[in-house]
Amino acid sequence: ICGDSIDNDCDGVTDYATSIPTDHATIQEAINSASEGDGFCIEAGTYYENLYFNGVSVTLAGYGAGDTVLDGSGSQLLYVYGGEEVTLRGVSIQNAYGNYGGVFDIEYSSFTLQDSELSDVGCGETSYCYGGVLYSYDADVTFEGVEIDGVYGYTTSSLYGAVFRFDNSDVSMTDVTVTDVVSESSLYDSMYAGFLYNYNSDVTLDNVEFSDSWFDSGYSIYGAAVYNYDGSIEAEGLSIVDNTFEASNYQYSDISYGLWYAGGGANTTLSNSLIQGNELWAADDVGGLLYLSSAGSMDISNTLITDNTIGTTQGASGNQGYGLFYIYNSDVTLTNSDVTNNTWDGFDYLYGVLGYRSYLGNLTVLNSNVVGNVDTEGVAYAGLLYSPYANTDGYGEFSWSYSNHYDNWDTWSYGYDWYDGGSDGDFTSFEGVITDDPLYTDAANGDYTLATGSPAIDAGTTELLDTDGTTSDIGAYGGPDASL
């Protein structure tokens, strides 16, 4: 504990007996004097520094966020390269901007940030941006108890992760909130990932929130919130809430890869999570909320996907909306989840609520509600799912069991609930299908629990049980891990 002069870990050494500025005038001076594994207290005050580590592992502990303030003076705050293990905790960080990690550039090293707050940070106005808060390469990164409020970037060339970019890294984030991200790109320049860009990294997210942010691309957006290529993301308690993404400055601007892109063998596990109140607006196409192309797998459970708006604003004729998923050569499972009250606005052509199952795409839906999703205009090819390949063709498969579809799409010209390779798919081949109002407790105010008398109560498969030992309910609050 910084500043208490006590041997808290009982190793015979007083913790952080050396302080800044009492014993060292600056943080950098303390780092330069350090031996391997040293720790320093950073006393209350504001420090205008840009820190470099010289191959020595160090712990820097502030007196607490709001008391110890690190100011980057408009430049990147901290650069770690070359095998160090650096821990920083109990600080506020502000006014830090840079191309490769606006605040932190971590390469070939280990970095931990704990119990800290960041504001007024980002890539700023620049040609390109690789992580407005952090860029990592071949690194171990841990964030615990971190609040990020206020990230800004304007790029004239390319953006790859307005907040985070991870390359070939191992990442763990617990109890992290990210709010008020504002990112823009100039005309004809695209954006990749408003929140997290992952390349060939293993990322674990536990109780992480990304919310109340705004993005405007001068051309197109690829993976509006998350872009995951050849990596792994395991998320529990992830909230992506109330963000706005716009790609409408040019006639053919689109959001080609939806809100979340997975490709190159990427794998995703999403549980106990919330995707709610987001808006995706493009002049042309929007490739679903979740876009998978040769992605390996995406497993979604006990998750609410609600009250999102996906729309087109103007311009190109023939624009298309793909529903919840676009699936190519990938495996998707949706278990004990609710997809409800989402709106597709202004498209000339629409595919089903669940989206478009393409070549070698597999979609398994179990114990889930797909209810009350609306299209405002245009031609819809199917009410629930569109697939140019029939289940019997051997090019992927759709399975829908112990699930509920009710009150989706206003009208559709082809009259199919499930377009199955040119014919109307046979829902009677699946077990436990219902088509009823699930009777949410108070959907208008965001309460998607099931009210007494709901036909979805105890209507799931007997192979999954609720926490009370009864047969699983259909929806996000049923099944083995329900809590939300």
Side-chain angles (χ1 to χ4, degrees), residues 209 225 235-242 258-260 268-278 288-290 298-310 323-325 332-344 352-355 363-375 383-385 398-409 417 427 430 432-461 464-467 470-484:
E209 177 183 329
E236 181 169 3
L238 174 65
S239 296
I240 301 176
V241 177
D242 295 335
L259 183 74
W260 186 305
T268 302
T269 301
L270 189 63
S271 63
N272 241 315
S273 294
L274 179 64
I275 300 175
Q276 184 178 65
N278 301 286
L289 273 178
L290 308 169
M298 175 176 278
D299 297 321
I300 302 171
S301 62
N302 300 102
T303 290
L304 292 171
I305 303 174
T306 68
D307 302 288
N308 301 286
T309 299
I310 304 95
L324 177 62
F325 295 108
V332 176
T333 60
L334 183 71
T335 305
N336 279 109
S337 295
D338 288 274
V339 180
T340 183
N341 289 345
N342 301 289
T343 299
W344 282 261
V353 173
L354 285 176
L363 174 60
T364 300
V365 181
L366 178 66
N367 282 19
S368 295
N369 287 304
V370 180
V371 173
N373 300 284
V374 176
D375 67 300
L384 190 65
L385 179 73
F398 169 55
S399 175
W400 173 275
S401 300
Y402 297 96
S403 293
N404 179 27
H405 65 99
Y406 174 79
D407 193 28
N408 294 298
W409 279 174
D417 270 345
F427 276 98
F430 303 126
V433 175
I434 64 174
T435 55
D436 294 313
D437 185 341
L439 300 180
Y440 293 123
T441 299
D442 189 5
N445 291 302
D447 185 351
Y448 290 97
T449 58
L450 302 175
T452 302
S454 166
I457 293 176
D458 294 340
T461 175
L464 294 175
L465 300 179
D466 287 345
T467 54
T470 61
T471 298
S472 172
D473 297 343
I474 292 175
Y477 294 89
D481 297 320
S483 59
L484 288 182

- Message: Between Ser399 and Thr364 (side chain of the first, backbone of the second, donor and acceptor by atom type, cut-off under 3.5 Å), is there such a pair?
- Response: no
- Query: When you measure from the side chain of Asn342 to the backbone N and O of Asn308, does any donor-acceptor pair fall under 3.5 Å?
  - Reply: yes
- Of all residues at least two apart in sequence or in a different chain, which pass the side chain to side chain donor-acceptor pair (under 3.5 Å) check with Ser472? Asn336, Asn367
- Message: Measuring only between side-chain heavy atoms, which start at C-beta, is Ile240 closer than 4.5 Å to Trp260?
- Response: yes
- Donor-acceptor contact present, side-chain Asn404 to main-chain Asp436, <3.5 Å: yes
- With sequence neighbours excluded, what pairs up with Asp466 under the side chain to side chain donor-acceptor pair (under 3.5 Å) test? none
- Message: With rounding to the nearest 0.5 angstrom, report the CG to CG distance, Asp473 to Leu464.
- Response: 11.5 Å
- Query: Hey, are the side chains of Asn302 and Ser271 touching, using non-hydrogen atoms and a 4.5 Å cut-off?
  - Reply: no
- Are side-chain heavy atoms of Leu289 and Ile310 found at a separation under 4.5 Å? yes
- Can you check whether Val339's main-chain N or O pairs, donor with acceptor, with Asn373's side chain at less than 3.5 Å? yes
- Message: Could you check whether any side-chain heavy atom of Leu304 comes within less than 4.5 Å of a side-chain heavy atom of Tyr477, counting everything from C-beta outward?
- Response: yes
- Task: Report yes if the side chains of Leu324 and Leu290 come closer than 4.5 Å at any heavy-atom pair, otherwise no.
- Result: yes
- Any donor-acceptor pair under 3.5 Å linking the side chain of Ser454 with the backbone of Thr452? no
- Query: Is a side-chain N or O of Thr268 found less than 3.5 angstrom from the main chain of Met298, in a donor-acceptor match?
  - Reply: no
- Can you say whether the rings of Trp400 and Phe398 are parallel (under 30°), tilted (30 to 60°) or perpendicular (over 60°)? tilted
